[in-house]
Amino acid sequence: MAANVYASATDGGSGGDSAQTRSGTGVRTAGSTIDCPDVGSKLTSVPEQARGEVDKELALLDEQIAKAYQRLSESAQQVRQDSGFADSAIMNPLKDKRAATLERIAIAIDRVGDRPEGLDALAACTVRDSGNQAPAQGEDQDGNGDQQPGQEQGQDGQEQGDGQGQGGQGSNGGQAGNGPVAADFASITGVQPNAGTPRQGSKASRGSFVTDCGVNENGLFNSDNIIAAPGVTNGAHHFHDYVGNQANNAFASDQDLANAETSCVDPGDKSSYYWPVLRLQNGSQEQDANSPGGGIEGNAGEIVTPKQVTLTFVGNPRGKVTAMPRLLRIITGDAKSFVNGPANANASWSCTGFEDRQLKDKYPLCPQGSDVVRTFKFQSCWDGRNIDSANHRTHVAFTDAAGNCPSGFRPIPQLVQRIVYDVDAPSLEDGGRTTPLFAVDSFPEQLHKPVTDHGDFINVFDEDLMGEMADCINDGRKCGAGAGAEPGDKPGEEPQEQPTKAPEEPTKSPEAPQEQPTRTPDAPQDGNTGGKPGDTGDGGKGDGGKGEAAEPPATDKPAPEPEQPQQPEQDGSPTAAPRTDEPEVFATPTPEGGTANAGEQGGSKDDAGEDTDGLGQSQAVGTATSAAPTPSLPSRTEPQAVGSGGLADTGAQLWPAAAGAVLVIAGFVVLRRVRRG
């Protein structure tokens, strides 16, 4: 199979450059990946005394897979010439290395407990088709015959592209050659509404607590994972964004976390919130371009700073919540779900204005004027005893469809993490050359699939503040440093859609273009969740009418919109976020129209990804959504309002005077000539 796959392999990257040239890595376009059993998920009962050693051995298994995948990707020529090369030179040595590592794991556990059985059966791996080939006629990627939106475009990209990797479904694509591909994207407008929450009972805890920790504008990144691979450098094999705790790395002790600085507005929240970075596949050389976890392992391109990060803790639809224990660790999603399967996958992708539609295994293609949204809903049931477990999962759990915790578990505040990015829908027809593809960082063999998205959380709240959070949620109140931006706001709730309302103007010429208020550079921009195509709400850019625009000059900008009426309270909406940003007119998004959305990347980094503004915490103090500071951002070009009292009207009033001035000057010239004569 590997030979067949590599028979048509081409260099990765875009614009004619190979993946080697563009990313500093040997990872190249391929149609296969390496599928190994996930040992960590099988080890559900490792004695506490053995966990440190076991975690290091599990991290070594990940490193072995990464190196084997890279070797496979670099060996196209040998595989084409010898069909047995992959097995003899790559897969069999990988099996031997894994067998030795698994034996060390068994010995470590056997020293302090019962030796685990059956580990040796997990040593063998296989070369697996990546699934990136174009589907058969009339068949989608899932084989169910219903083509996903966006795949038709992807197939066009494959047929029309020049075979240089980033474009078609028939290759792994992406800047480094190992993803993403056109088939990883789907138009959000083609997705049916599918988001919902359990119905709340009479005893539900209806409050919310919002913490504001910025957007990682100070550029804290690394490829460690203190939860899954403590004490191991590059344990994640991909870069993470960090907000909150500023001491988070593989070697940070609990005391280090407790003593650390925090980017959160409330100093009582030193929790660590982290997730894989999002990158544009545009050829940019980031600080990790030639480093493990970065370009060497296929994670290449420009790191995008989020435009907004909202961290909301919500209650349980069936009862009261109990405070989280200090240093509780939670991982949501599965970084290896592309090969492991979707059992633990918890990715959720959408667009502002369309958040009643969620994608699990596709990146969204958002209409013009709409932003990409990643949402993580963390486990909200705790076993009442452990702050972690051997596989980092069994000590916490999700509620069932009705909102009930499993037997023996108790409800805790649920962290809902919402991350917004100002990135444009990629141009699939040319493989992202016009507008680059985007993708989250991943383990190399996971090919940057959206289903591998995941989030991590370590609770380092001050215990008194955590108690206040639980009381607030149980009492049905709205609390937290991000909850009190403006009087009347209701943080943590899903805003109702507002009709589009153009700025008032006394008169308007029929030929004048439609008005839009000029965006102030540092106004946070958020989406109106739950919007649908055809609605006349803010379509994902406004705040439900709750913001208040700065007063513009009278001659060239429209008057600010009057404040809209407060919307009725909606309880039990865990994905909601308060809207405190400036309203913006936005019609139903279409490819032909809407607000321009290109060019702004967010963040405050220099070319090397280093912090240039020295900010240690979010500047959006007191707001529920953290907005990236914008002094270093390029200005966004938008239509300016033209109406009565504007430039057009002023010109209409001045032209007679200008004509008169010309006549007067001409008269003086004639008189001067006559006088000389």
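The figures that follow rest on heavy atoms only: side chains count, while hydrogens, waters and symmetry mates do not.
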Test side-chain hydrogen bond (donor to acceptor under 3.5 Å, both in side chains) applied to Ser291 - qualifying residues, sequence neighbours left out
none
For Thr435, give me all partners under side chain to side chain contact (heavy atoms under 4.5 Å, CB included), at least two apart in sequence or on another chain.
Asp424, Ser427
Considering residues at least two apart in sequence or located in another chain, which fulfil the side-chain hydrogen bond (donor to acceptor under 3.5 Å, both in side chains) criterion with Ser272?
Asn248
By salt bridge (Lys or Arg N to Asp or Glu O under 4.0 Å) - contacts of Arg329 (at least two apart)
Asp254
Can you name the residues that form a side-chain hydrogen bond (donor to acceptor under 3.5 Å, both in side chains) with Ser271, not counting sequence neighbours?
Asp269
Suppose we screen for side-chain hydrogen bond (donor to acceptor under 3.5 Å, both in side chains). Which residues come up paired with His237, at least two apart in sequence or across chains?
Glu297
Among residues at least two apart in sequence or on other chains, which ones pass salt bridge (Lys or Arg N to Asp or Glu O under 4.0 Å) with Lys67?
Glu63
Please determine whether a side-chain nitrogen of the Lys or Arg among Arg374 and Asp453 lies less than 4.0 Å from a carboxylate oxygen of the Asp or Glu.
yes
Taking salt bridge (Lys or Arg N to Asp or Glu O under 4.0 Å) as the definition, give me every residue that meets it alongside Asp388, ordered by chain and number, with sequence neighbours left out.
none
Results of side chain to side chain contact (heavy atoms under 4.5 Å, CB included) for Gln64 - residues two or more places apart only
Leu60, Leu61, Leu94, Lys97, Arg98, Thr101
Between Asp361 and Lys449 (salt bridge meaning N to carboxylate O under 4.0 Å), is one present in this structure?
no
Among all residues two or more places apart in sequence or in another chain, which pass the ring-ring contact (aromatic ring centres under 6.0 Å, His included) test with His454?
His238
For Lys336, give me all partners under salt bridge (Lys or Arg N to Asp or Glu O under 4.0 Å), at least two apart in sequence or on another chain.
Asp38, Asp62
Taking salt bridge (Lys or Arg N to Asp or Glu O under 4.0 Å) as the cut-off, I'd like each qualifying pair that reaches into residues 222-244, sequence neighbours left out, listed once.
none
